[in-house]
Amino acid sequence: MLAGLINLMMALLRLLWFLLSTRVGNLLAAAGLLISGFLWGVTSHQVHFQDAPAIAWFQDYSSDEGYDYLQINHGKQFYVIKDADFSPYPGGVFADTRPRLLSLVYESDAQQSVELNLQNGERLTGSGYRVVAFSLVTEEGQPYTFTTADYRTSPRGFYDDHWPVATWLLLIGFAFLAWGLLGPLVLDLLLLHRGRVPGEEPISTEKAYRLLGRQLSNPWLWRGPKKPREFDPRDLAK
């Protein structure tokens, strides 16, 4: 498992180096960031909170993962309570106090799938809404109200704005795009400014003689390993 994790990390590092150090990688990174930023930005939306209808009857199904699934007025729709999101913490309140549910507020814009296996072997499936506030009174007559941070901040709903993060993605994407398109030109201009010709690599005299010797070797010798001809700089004066 450790070897697989190391291989995965090395593959990610090679991918990151490819995206940062090559022109094709720069353009691919730019395309990914620009598309992601645009799609994330356009998913900004208004979040609406809605009151459930008057509650004459409800049924609670609790899970070990800290969720309560409520059905009200014998309807098939579920209302999902994630205990960790609420203050005060409502864990076990339905089982321990046998309450009467007074009101319920839910997020009406997004549904989520519900799949729950009951202890008697029955399986519940359907769709549900996220609950953001609810009130109840216990069997002893003690009232309680539970709310999420979103509801306490904006009880009438709020605008879920994704553009601040999306803007940064777009800016980084445009930076990669500009460097991928103009980076080689900028580097060539820097070389010209330093008096060097783009595409030429300065090499030592010894390496130049060795390369020239390879060019002067007989290409038709096929028996045995090819041996580059030793080149003497004085041959140029002949």
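What you see is a predicted model; the values in this text were computed from it and never measured.
At least one side-chain heavy atom of S87 sits under 4.5 Å from a side-chain heavy atom of R152. Two residues are said to be in side-chain contact when any heavy atoms from C-beta on lie closer than 4.5 Å; L102 and I55 fail this criterion. With a 4.5 Å cut-off on side-chain heavy atoms, L70 and Q59 do not count as touching. By the 4.5 Å heavy-atom criterion applied to side chains, L170 and L33 are not counted as neighbours. Put simply, the side chain of D83 reaches to within 4.5 Å of the side chain of I81, judged on heavy atoms. Using a 4.5 Å heavy-atom cutoff, the side chains of F158 and D150 are in contact. Between F176 and L27, every side-chain heavy-atom pair lies at or beyond the 4.5 Å cut-off. In this structure, P99 and E139 have side chains that are not in contact, with every pair of non-hydrogen atoms separated by 4.5 Å or more.
Side chain to side chain, S62 and D68 meet the donor-acceptor criterion of an N or O pair below 3.5 Å. For T43 and H162, the side-chain atoms include at least one donor-acceptor pair closer than 3.5 Å. Checked by atom type, the side-chain pair T145/S135 shows a donor-acceptor distance below 3.5 Å.
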Mind running side-chain contact (heavy atoms from CB on, under 4.5 Å) on Y106 and D51 for me, showing each step along the way? CA-CA 7 Å; Y106 63 96; D51 294 323; over 6 Å; no
Step by step, would you call D60 with Y69 a side-chain contact (heavy atoms from CB on, under 4.5 Å)? CA-CA 6 Å; D60 168 63; Y69 301 90; 5.9 Å; no
Could you give me the CA-CA distance, side-chain angles and deciding distance for D109 and R130, then say whether salt bridge (charged side-chain N to carboxylate O under 4.0 Å, His left out) is met? CA-CA 9 Å; D109 302 279; R130 171 180 172 249; over 6 Å; no
Walk me through whether F38 and W40 qualify under side-chain contact (heavy atoms from CB on, under 4.5 Å). CA-CA 6 Å; F38 175 76; W40 183 246; over 6 Å; no
Using the side-chain contact (heavy atoms from CB on, under 4.5 Å) rule, take Y129 and Q111 through it: C-alpha gap first, then chi angles, then the decisive distance, then the call. CA-CA 5 Å; Y129 292 103; Q111 286 186 314; 3.2 Å; yes
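Two different hydrophobic clusters hold L169 and W179 under the rule that ILVMFWY side chains link at heavy-atom gaps under 4.5 Å. Both L116 and V80 sit in one connected hydrophobic cluster of ILVMFWY residues. Membership requires side-chain heavy atoms under 4.5 Å apart, directly or through other members. L13 and I6 fall within a single hydrophobic cluster, where Ile, Leu, Val, Met, Phe, Trp and Tyr side chains are chained together by heavy-atom contacts under 4.5 Å. In terms of hydrophobic clustering, with Ile, Leu, Val, Met, Phe, Trp and Tyr side chains grouped at heavy-atom distances under 4.5 Å, V131 and V47 are assigned to different clusters.
Here the two rings, on F86 and F134, have centers that are under 6.0 Å apart.
Between Y151 and F49, the two ring planes are tilted [angle within 30° to 60°].
W163 contributes a side-chain N or O that, together with a main-chain N or O of G41, makes up a donor-acceptor pair within less than 3.5 Å. A distance-only check finds no donor-acceptor pair linking the side chain of R100 to the backbone of V137 [under 3.5 Å].
Listed here is the closest heavy atom pair of T22 and G25: OG1-N, 3.0 Å.
For OH of Y61, the number of neighbouring non-hydrogen atoms (other residues, nucleotides, ligands) closer than 6.0 Å is greater than 12.
Note that CD of E115 and CG of L124 are 10.5 Å apart. Values are rounded to the nearest 0.5 Å.
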